[in-house]
Amino acid sequence: MFHVMFQNVFKCIFSMKRRSDGTVVALTPGRQRLSDEFFNRPCLQVAVDLLGKTLVRKLEDGSLLRCKIVETECYLGVTDKACHTFGGRRTEKNAPMYMKPGTSYVYFTYGMYHCFNISSQEEGSAVLLRAAEPLEGEDTMQLHRQASQRSAKEKSYKTHELCNGPSKLCMALAIDRFTCNAKDLTLWPEMWFEEAPKPEESVVTSTRVGIDSVEKEWRLKPLRFYLLGNKSVSKRDKLQEGAITS
DNA sequence: AGACTGATAATCT
DNA sequence: GATTATCAGTCTG
């Protein structure tokens with residue numbers, strides 16, 4: 001009785017997490033890590049509810065990068081024609097999309113870039129993280145972005161330019177398929193999501209980006225979500241924003 | 001602000 | 001051999 005009470009208080013204050021092997025992972029004090037219950041829900045709910053939450057990345061030197069998620073997209077799984085798992089397709093690359101809700105799916109695209117997703121409840125489904133607002137470790141994010149530049153001149157980015165796109169977010173947070181793919185983000189010590197106050201901004205619903213070759217029915221589905229007015233959003237939809245009243 | 005284009009290589013067919 | 005859930009630069013108005 002008292003043991004359980006103590007354990008719960010302790011867990012709340014220090015956000016302790018017990019792994020399957022019995023060891024305990026200590027996180028930043030006072031912040032609640034998003035767990036299985038959060039990710040084991042329909043893709044749509046996970047995508048919308050991730051807006052405003054904090055993404056935390058722990059680097060090799062122990063330092064933390066933090067950002068507020070401001071834009072997400074749903075990939076609904078085997079029924080979704082724009083999804084890598086459409087029709088039940090299974091390859092070595094898309095395997096993490098079939099794994100436990102809360103598993104990272106980081107893949108390489110356009111010969112240069114990465115995209116970062118997290119699996120959700122439906123078979124083969126995942127939420128693509130498209131944009132975030134830097135909260136902590138901005139200088140390091142700047143260095144990461146500059147290190148990924150191919151032009152000779154060193155350009156510096158404004159705060160809202162550091163993570164305003166799916167591959168920019170990966171560069172800024174040092175997320176790649178070699179180090180971050182197929183990880184259980186409810187337990188992995190090097191990256192996780194944290195609870196945060198409900199965002200001030202309204203949620204805008206729009207169409208997904210970069211899926212031009214998909215047939216219209218699926219290309220035009222309202223499966224992208226972002227926070228109205230936030231400077232770190234990658235692509236705004238004036239038409240949809242005009243329909244928002246609050 | 002929006003349209004267009006080149007870069008670049010893993011992955012799949 | 002074709003495709004790609006992108007980015008950064010350039011051009012146009």
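Chain letters run A, B, ... following the sequence lines, proteins first, then strands; residues in each count from 1. This one's a predicted model, so the numbers in the text were calculated from it and none came from an experiment. The analysis underlying the following values was restricted to heavy atoms, covering all of them including side chains, and did not include hydrogens, waters or symmetry mates.
Residue A/Arg90 has no polar side-chain atom (N or O) positioned under 4.0 Å from OP1 or OP2 of B/dT11. Contact check, A/Ser213 against C/dT4: a side-chain N or O comes under 4.0 Å of OP1 or OP2. Between A/Arg219 and the phosphate of C/dA5, there is no side-chain N or O to OP1/OP2 separation shorter than 4.0 Å. For B/dT13, one of the phosphate oxygens OP1 or OP2 lies less than 4.0 angstrom from a side-chain nitrogen or oxygen of A/Arg89.
Annotation: A/Lys100, atom NZ; neighbour count of heavy atoms from other residues, nucleotides and ligands within 6.0 Å is above 12. Heavy-atom neighbours of A/Glu200 CD from other residues, nucleotides or ligands within 6.0 Å: at or below the threshold of 12.
Considering NZ of A/Lys183 and CE of A/Met99, their distance stands at 10.5 Å, rounded to 0.5 Å. Here A/Cys43 contributes atom SG and A/Tyr75 contributes atom OH; the two are 10.0 Å apart, rounded to the nearest 0.5 Å.
Note: A/Phe116 and A/Phe193 have parallel aromatic rings, judged against thresholds of 30 and 60 degrees for the angle between ring planes.
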For this session: Apply salt bridge (charged side-chain N to carboxylate O under 4.0 Å, His left out) to A/Arg224 and A/Glu71, showing your working.
Result: CA-CA 7 Å; A/Arg224 182 168 71 100; A/Glu71 182 179 352; 2.7 Å; yes

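Protein atom NZ of A/Lys158 is 15 Å distant from nucleotide atom C1' of C/dA8, rounded to whole Å. Look at CZ on A/Arg177: it is 7 Å from C1' on B/dA10, rounded to the nearest Å. A straight line from CD of A/Glu73 to C1' of C/dT6 spans 12 Å, rounded to a whole angstrom. Straight-line distance from the NZ atom of A/Lys221 to the C1' atom of C/dA5: 17 Å, rounded to whole Å. Rounded to a whole Å, the CG atom of A/Asp212 is 14 Å from the P atom of C/dT3. Atom C1' of nucleotide C/dA5 and atom CG of A/Leu220 are separated by 15 Å, given to the nearest angstrom. Following rounding to the nearest Å, A/Gln149 (CD) and B/dT8 (P) show an atom-to-atom distance of 15 Å. Here the C1' atom of nucleotide C/dA8 and the CD atom of A/Glu161 are 11 Å apart, to the nearest Å.
Of the residues in residues 97-121 of chain A, those placing a heavy atom less than 4.0 Å from an atom of DNA chain B are A/Phe108, A/Tyr110, A/Gly111, A/Met112, in numerical order. A heavy atom closer than 4.0 Å to some atom of DNA chain C occurs in A/Gly165, A/Pro166, A/Ser167, A/Lys168, these being the qualifying members of residues 163-173 of chain A.
A stem is defined here as three or more consecutive Watson-Crick or G-U pairs, each with both distances under 3.5 Å; for DNA chain B these stems are B:1-7 with C:6-12, B:9-12 with C:1-4.
Residue A/Ile211 is in sugar-phosphate contact alone, with no base atom involved, counting any heavy-atom pair closer than 4.0 Å across all strands shown. Within 4.0 Å (heavy atoms only), A/Arg145 reaches sugar-phosphate atoms of the nucleic acid but no base atom.
Figure legend: cation-pi geometry between A/Arg89 and A/Phe86 absent, as NZ or CZ is not positioned both under 6.0 Å from the six-membered ring centre and within 45° of its axis.
When each of A/Cys115, A/Cys170, A/Ser104, A/Ser167 is paired with A/Ile175, the side-chain contact (heavy atoms from CB on, under 4.5 Å) condition holds for A/Cys170 and for no other. Each of A/Cys180, A/Ser63, A/Cys67 was checked for a side-chain contact (heavy atoms from CB on, under 4.5 Å) with A/Arg57, and the lone residue meeting it is A/Cys180. The salt bridge (Lys or Arg N to Asp or Glu O under 4.0 Å) with A/Glu73 is formed by just one residue from the set A/Lys235, A/Arg208, A/Arg130, A/Lys221; it is A/Arg130.
Look at A/Glu136 and A/Lys68 and you find no salt bridge, because none of the NZ, NE, NH1 or NH2 atoms lies under 4.0 Å from a carboxylate O. Taking the charged nitrogens against the carboxylate oxygens, A/Lys53 and A/Glu194 have no contact shorter than 4.0 Å, which rules out a salt bridge.
Along DNA chain C, the nucleotide closest to A/Val209 and the one closest to A/Tyr157 are compared, and the more 5′ of them pairs with A/Val209.
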